[in-house]
Structure formats: C-alpha cells, structure tokens
Amino acid sequence: MNMNVKEVFAQAIYKQTEISLEQIYRLIEVPKHPSLGDLAFPCFLLAKTWKKSPASIAEQIAQSITEDCFSKVEANGPYVNGFIHRESFTISVLNQILYERENYGTLSDGAGKTIVIDFSSPNIAKPFSMGHLRSTVIGNALSNIAQKCGYNAVKINHLGDWGTQFGKLMAAFKHWGDEDKVRKQPIAELFTLYTKFHEEAEIHPQLIDEGRQWFKKLEDGDSEAVYLWKWFREESLKEFSKIYQLLNISFDSFAGEAFYNDKMGETIEKLQGQNLLEVSDGAEVVDLTDVSLPPCLIKKSDGATLYATRDLTAALYRQEHYQFSKALYVVGHEQSVHFQQVFAVLEKMGYPWAKSMIHVPFGLYLQNGKKMSTRKGRVILLENVLQETIRLAEQNIEQKNPTLENKKEVAKQVGVGAVIFHDLKNYRMNNIEFSLEQMLTFEGETGPYVQYTFARACSILQKGNWNINSNFSLKKLATNDVVNDDSWELIKLLFSFSNQVQQAFIQLDPSIIAKYTVDVAKCFNKYYSKVKILTNNNGLQERLALVYAVTVVLKNGLQLIGVDAPKSM
RNA sequence: GUCCCAGUAGCUCAGCUGGAUAGAGCAACAGCCUUCUAAGCUGUGGGUCGGGGGUUCGAAUCCCUCCUGGGACGCCA
C-alpha cells in the first residue's frame with residue numbers, strides 16, 4: 001500500500017477543491033483525539049467561496065474520498081476525518097522497519113553535501129564545565145542527525161587554545177606557579193592560578209597589562225611563552241579526551257584557534273585589500289553600522305589579533321577545505337552578536353556562502369539564577385556530575401538487577417545517558433537551572449526511562465526467541481493484539497520517525513528526537529502493560545515483530561542524541 | 001539606554017508555520033508485582049497560557065504595547 005497516506009488524503013481533497021495542493025497539505029492536521037481519526041481537514045477556508053457551511057462542505061468532501069488506504073472517512077462538524085486502514089498500514093510499517101533496521105529513518109536530503117559543525121570547543125587550561133556540556137552534546141547530536149539526513153558531517157572541535165587568557169595564565173604562573181603542582185594536577189592547578197589572577201587583578205590592575213604582554217610575546221614566538229603554551233595545551237587535552245571517551249564523542253578535527261595563527265595575516269590583507277578596515281581608537285575594525293551592528297574588532301591597538309579575526313580565518317579555511325554547504329556554530333546564545341558580526345564581515349567580503357553560516361545558540365546553565373563564571377571560579381565540573389550519576393546507576397543496578405553481567409559498563413551507559421538526555425530533552429534556547437537532584441532522577445521523562453524501556457523490550461525478544469537475522473516479513477495479522485488502539489498509536493509513532501529526524505534537522509534542535517524517544521517509550525509501556533506478548537502462541541510473531549520494531553526505533557533515536565542503549569539493565 | 005532570548009499547573013517543561021475539550025513528567029494522594037525487568041502501569045486533585053490592546057469565523061500560537069527574569073553591548077573568548 002501507499003504509505004504516504006497524507007499525500008493520498010491531500011490528493012483526494014485536491015480533486016474536490018480549487019485550493020492548491022500545498023495549502024491543503026498545510027491545512028491537514030492530526031486530530032487531538034484518536035477517536036476522531038488519524039487525519040483531519042478543516043473546511044472553514046472553503047466556506048467563503050463555496051457559500052456553504054463548513055459542516056456541509058465537510059460532509060460532501062468526506063463522501064467523495066473512497067481511496068482504500070482509508071477504512072473510513074467521515075465528516076465531524078466542520079472537519080473531514082480520515083481513518084487509516086489499520087491492518088495494511090501496520091503491516092507496511094512493520095515490514096519496512098524489519099527490513100531497514102538501523103537504516104530506518106534515514107533520509108537523502110543532504111546527499112553529496114557537506115556540513116561542518118563547530119562544537120564543544122573548550123578552553124585549554126580551564127576545567128570542562130557543565131557549560132561546555134551543552135555545546136558538546138547538542139553539537140554531537142546535530143552531527144548525527146545531519147548524517148541521518150544524508151549529509152557528510154564534519155565535526156570540528158575549535159579548541160580555545162589561543163588568546164589573551166594564555167598571557168594571563170603565563171603571568172600568573174610566573175608569579176605564583178609551582179611546576180610540580182601543575183604536573184600533578186594540571187587543570188586543577190592551572191585553573192587555580194587563573195582564578196587567582198583575576199582576584200589579584202582587581203587589586204593590581206597592572207596585571208592585566210602584564211597578561212597582554214605575555215600574549216603578545218606568545219604571538220611573536222618568544223621561546224619561553226611558546227614552551228609554556230605547549231605544555232598547558234598538552235596536559236589539558238589529555239584530560240579532555242577522558243571526558244570525550246566517557247561521553248563517547250569523537251571529532252574529525254581539533255584545529256583550534258592556534259591552528260589559524262599563521263593564516264590570519266592573509267585574512268587581514270584581504271580585508272585591507274577591500275578597504276574594509278579602518279582605525280578606531282588605535283584598533284583596526286570593520287565598520288558595520290549599515291547592518292546595525294557594533295564594529296567588528298580585527299586587530300587590537302597593540303597589534304594582537306582577536307576572537308573575530310580567528311573565526312573569520314577559520315571560516316575561510318573551512319570553506320576552502322571542506323566546501324561546506326552549511327556551517328554550524330554550536331555556541332551559547334550570549335555570543336550571538338559576535339557571530340552576527342563575523343557573518344556580516346564575510347558578507348561584506350563578498351562570499352556568497354556567508355549565507356550558509358548558522359549560529360546555533362542555546363540557553364545557559366544557571367546557578368541560583370545567574371550565569372556560571374569560570375573567571376570567578378564559580379563552576380560545576382562535568383566530571384564530578386558524571387561520577388555522581390554513574391554511582392547512582394550502580395546503586396540502582398545493585399538493588400534492582402544484582403545478577404546483571406556487565407554492571408560497570410551498564411552503569412556508565414545509564415549514568416552518562418541520564419546527563420546527556422537531561423541536557424537535550426528541552427528546547428535548546430531555554431536556560432537550565434543546574435540541579436544535581438534533577439540529573440539524578442531516573443524516573444519519568446528521562447534517559448534511563450527510555451533505556452529501561454529498550455532493555456525491557458529486548459528481554460522479551462530474547463525470551464520469545466525472536467530471531468533478528470531471519471527474513472521474517474508479515475503478510476497479514478492473525479490477532480487483534482497488533483491492531484488495537486494502543487498498538488495503533490505506537491505504529492503511527494514508529495512511522496513518524498523520519499519526519500521527526502527531518503524536523504530536528506530543520507530546526508537544528510535535538511530535543512525533538514529526545515522527546516520523540518520518550519513518546520515511543522511511553523506508548524510501548526502502555527501497550528506492554530495491557531497486552532501479554534509471550535503468553536499466547538496465536539499471533540506471537542506479529543507481537544514480537546512490533547516489539548522488535550520498537551527496539552529498532554528506540555535504538556536509532558537514542559543513537560542520534562548520543563545515548564547508549566544497553567540490552568539489559 | 002539599545003539589542004537578543006524566555007515567561008503555560010506548586011516545580012521542570014511540551015504544544016507556538018492559527019483550528020475540535022490547553023498536554024506530559026516531577027511532587028502529593030489512591031491503586032497495580034505467584035504471570036514478559038515496578039528505572040514500569042492506572043487513577044485523583046491542580047491552569048485568568050505574565051498583563052492589556054489588536055488582526056481573524058477562530059489566538060497559548062500572529063501584530064503592537066507594557067511588566068518580570070536571563071543574556072549581550074570595542075580591544076576576553
């Protein structure tokens with residue numbers, strides 16, 4: 001059967017009316033209550049031209065729709081309600097999932113196109129905080145989603161390994177640093193120095209100048225400065241890679257800010273060549289008043305470069321190397337102006353691809369309603385949070401499933417999954433008030449809930465001797481257990497997976513997928529509580545096929561948002 | 001002061017390209033394990049969708065305005 005029943009519905013209505021197919025398509029909705037059918041078309045719009053009541057129009061249209069993928073089409077007040085033929089649709093959906101498995105939901109929208117995604121990008125010598133978690137998990141999820149949409153996704157970790165902060169750190173190290181301490185606990189010690197610097201600088205403002213001088217030395221290739229920089233960077237990377245391993249996130253490139261050092265001259269020359277640079281208070285800037293933005297600082301009055309200079313250079317480099325059709329920057333909302341400036345400068349330089357640069361902003365983690373600040377040492381370390389959630393997962397396993405084989409691995413998957421899911425489940429622009437208590441919740445709309453549902457389903461498949469590798473396909477359904485109201489909602493949900501993927505990509509919002517997995521889990525748990533899957537031999541294979549389809553979709557969905565799906569827990 | 005984001009149940013949020021009685025989860029209370037993993041399921045209570053205007057047959061959803069909270073506004077990133 002034609003699985004695009006919405007298309008069939010729209011076509012049927014199109015034959016009856018003068019309005020365009022696209023408009024009909026837009027008007028078609030899903031009724032609020034399942035009892036009202038699966039698809040609905042409101043007739044208000046036609047009332048004017050037809051000079052009839054919406055209700056009588058609905059009546060007329062309903063009668064004319066006789067396509068056999070609908071078991072019933074009826075008018076309900078001003079709406080035409082379509083009821084999809086459940087059995088044939090169910091068989092089609094299940095067979096497709098059984099056949100496509102891990103490829104189910106894959107799209108080809110992005111075939112042949114490259115998308116570069118700039119995310120995570122922690123600052124060297126600073127601890128990996130909860131703040132970085134957001135960029136990291138959102139960026140990773142978007143990469144997965146883009147890939148599912150057929151794009152070639154290039155994951156770039158634009159490390160914060162250059163900038164005045166290093167000057168500050170060097171100044172601090174020269175004043176109060178202890179080499180042995182740094183070797184023992186690199187990030188913790190460097191961070192202490194960094195925090196001390198800012199405290200001292202409030203009393204002795206000349207420290208700020210000192211920091212700037214050290215950074216200038218670094219840019220000029222001073223050997224001591226370069227030595228310190230290399231050392232700080234190396235130690236930091238070691239610790240970051242532990243976190244990325246735990247989160248199971250990898251990158252295609254670690255070309256950070258320092259990577260563009262020797263390439264910035266060219267950028268500045270280009271800007272000069274196009275007469276875009278002007279001097280303002282000793283600094284060189286690109287004026288952006290014509291697009292209502294503050295000027296973009298390219299060069300400081302001491303000649304050193306800035307954030308924007310590096311981002312411009314990186315953009316040029318990436319376009320040249322990857323020929324991206326889209327470039328995403330998964331960076332906090334507070335940097336919106338910066339990206340508007342960078343994109344505006346690229347536009348002024350005449351690059352047509354400037355329009356395919358997209359800043360993907362997100363809300364911040366707040367602490368007591370305020371932004372966390374690394375400068376003031378007010379941070380929560382991701383590592384500590386993960387330790388807590390993993391420990392709780394361990395406790396849960398000990399209590400609920402003490403005979404589980406690979407306890408440690410599962411605890412890790414659940415603990416980490418809880419943190420990732422908690423971060424991704426809400427609309428990304430929302431601020432998140434940090435609450436360890438909430439991260440440690442494993443019930444309700446949480447990662448562990450979805451994982452648990454998956455594990456439960458897997459357990460049934462195992463007990464039912466479901467053979468994943470068989471080429472089983474459904475022809476017809478023998479019992480009503482796979483076409484009752486609960487399973488029907490489940491089938492429709494499973495069917496909508498690729499739509500959800502597409503939406504998540506269009507809106508660049510992984511929360512769409514996270515919410516979707518919860519919906520599937522909820523729906524399955526409801527079915528599970530009502531229908532005994534294994535106890536009756538009649539229709540067993542059909543019910544197992546449905547359960548298997550659920551595991552496929554849950555696994556694919558979780559994979560997109562970067563959450564593991566343990567088979568038992 | 002200017003600009004950006006948000007404001008929906010006690011709490012955390014969904015719904016927002018306009019449509020049928022505004023939905024979940026948590027917390028509270030009440031049920032459900034001799035039967036497929038109770039990290040589950042079922043039920044009860046709980047809402048002037050921040051306020052006020054406007055557009056429309058119809059507004060939580062679009063427009064205007066005000067209020068509240070968060071963030072950003074030149075040599076940090």
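Below, chains carry the letters A, B, ... as their sequence lines are ordered, and counting in each starts from 1. As a basis for the values below, the full set of heavy atoms in this structure was taken, side chains included, without hydrogen atoms, waters or symmetry mates.
Look at the C1' atom in both rC76(B) and rA72(B): the space between them is 14 Å, to the nearest Å. Comparing rG51(B) with rG7(B), their P atoms are spaced 13 Å from each other, to the whole Å. Using P as the reference atom, rA22(B) and rC64(B) are 27 Å apart when rounded to the nearest Å. Annotation: rC13(B) and rG54(B) have their C1' atoms spaced 30 Å apart (nearest Å). Remark: the separation of the P atoms in rA14(B) and rC5(B) is 16 Å, to the nearest Å. One P atom belongs to rA9(B), the other to rU48(B), and the distance between them is 9 Å to the nearest Å. Nucleotides rG25(B) and rU17(B) are separated by 24 Å at their P atoms, to the nearest Å. Only the P atoms considered, rG46(B) is 23 Å distant from rC41(B), to the nearest whole Å.
Here the P atom of nucleotide rC36(B) and the CD1 atom of I533(A) are 12 Å apart, to the nearest Å. Residue F362(A) contributes atom CZ, which lies 16 Å from atom C1' of rA6(B) at whole-angstrom precision. To the nearest angstrom, P of rC5(B) lies 13 Å from CG of N430(A). The distance from atom CZ of F339(A) to atom P of rC73(B) is 13 Å, rounded to the nearest whole Å. Here the C1' atom of nucleotide rU61(B) and the OH atom of Y427(A) are 14 Å apart, to the nearest Å.
Residue R26(A) places none of its side-chain N or O atoms closer than 4.0 Å to OP1 or OP2 of rG18(B). The side chain of R456(A) contributes an N or O atom lying less than 4.0 Å from OP1 or OP2 of rA38(B). Side-chain nitrogen and oxygen atoms of K371(A) include at least one within less than 4.0 Å of the OP1 or OP2 phosphate oxygen of rA72(B). For rG74(B), the OP1/OP2 oxygens have no side-chain nitrogen or oxygen of Y307(A) closer than 4.0 Å. Side-chain nitrogen and oxygen atoms of K532(A) include none within less than 4.0 Å of the OP1 or OP2 phosphate oxygen of rC36(B). Taking only side-chain nitrogens and oxygens, Y449(A) comes nearer than 4.0 Å to OP1 or OP2 of rC41(B). For the pair K530(A) and rC41(B), the criterion of a side-chain N or O lying under 4.0 Å from OP1 or OP2 is not met. For T164(A), a side-chain nitrogen or oxygen approaches OP1 or OP2 of rA77(B) to under 4.0 Å. Contact check, N426(A) against rG25(B): no side-chain N or O comes under 4.0 Å of OP1 or OP2. Considering only side-chain N and O atoms, Y528(A) lies under 4.0 angstrom from the phosphate OP1 or OP2 of rA38(B). Within the structure, a side-chain polar atom (N or O) of R310(A) is placed less than 4.0 Å from OP1 or OP2 of rA77(B).
Within the 4.0 angstrom heavy-atom criterion, base atoms lie near V285(A).
A salt bridge is defined here as a Lys NZ or Arg NE, NH1 or NH2 lying under 4.0 Å from an Asp or Glu carboxylate O, and K216(A) with E219(A) fails to meet this definition.
Taking 3.5 Å as the limit, the base of rG40(B) and the side chain of T453(A) contain no donor-acceptor pair of atoms between them. N525(A) contributes no side-chain N or O that forms a donor-acceptor pair with the base of rA39(B) under 3.5 Å. Side-chain atoms of H333(A) stay outside donor-acceptor range of the base of rC5(B), with no qualifying N/O pair under 3.5 Å.
Across residues 391-406 of chain A, N396(A), I397(A), K400(A) each have a non-hydrogen atom less than 4.0 Å from an atom of RNA chain B (numbered order).
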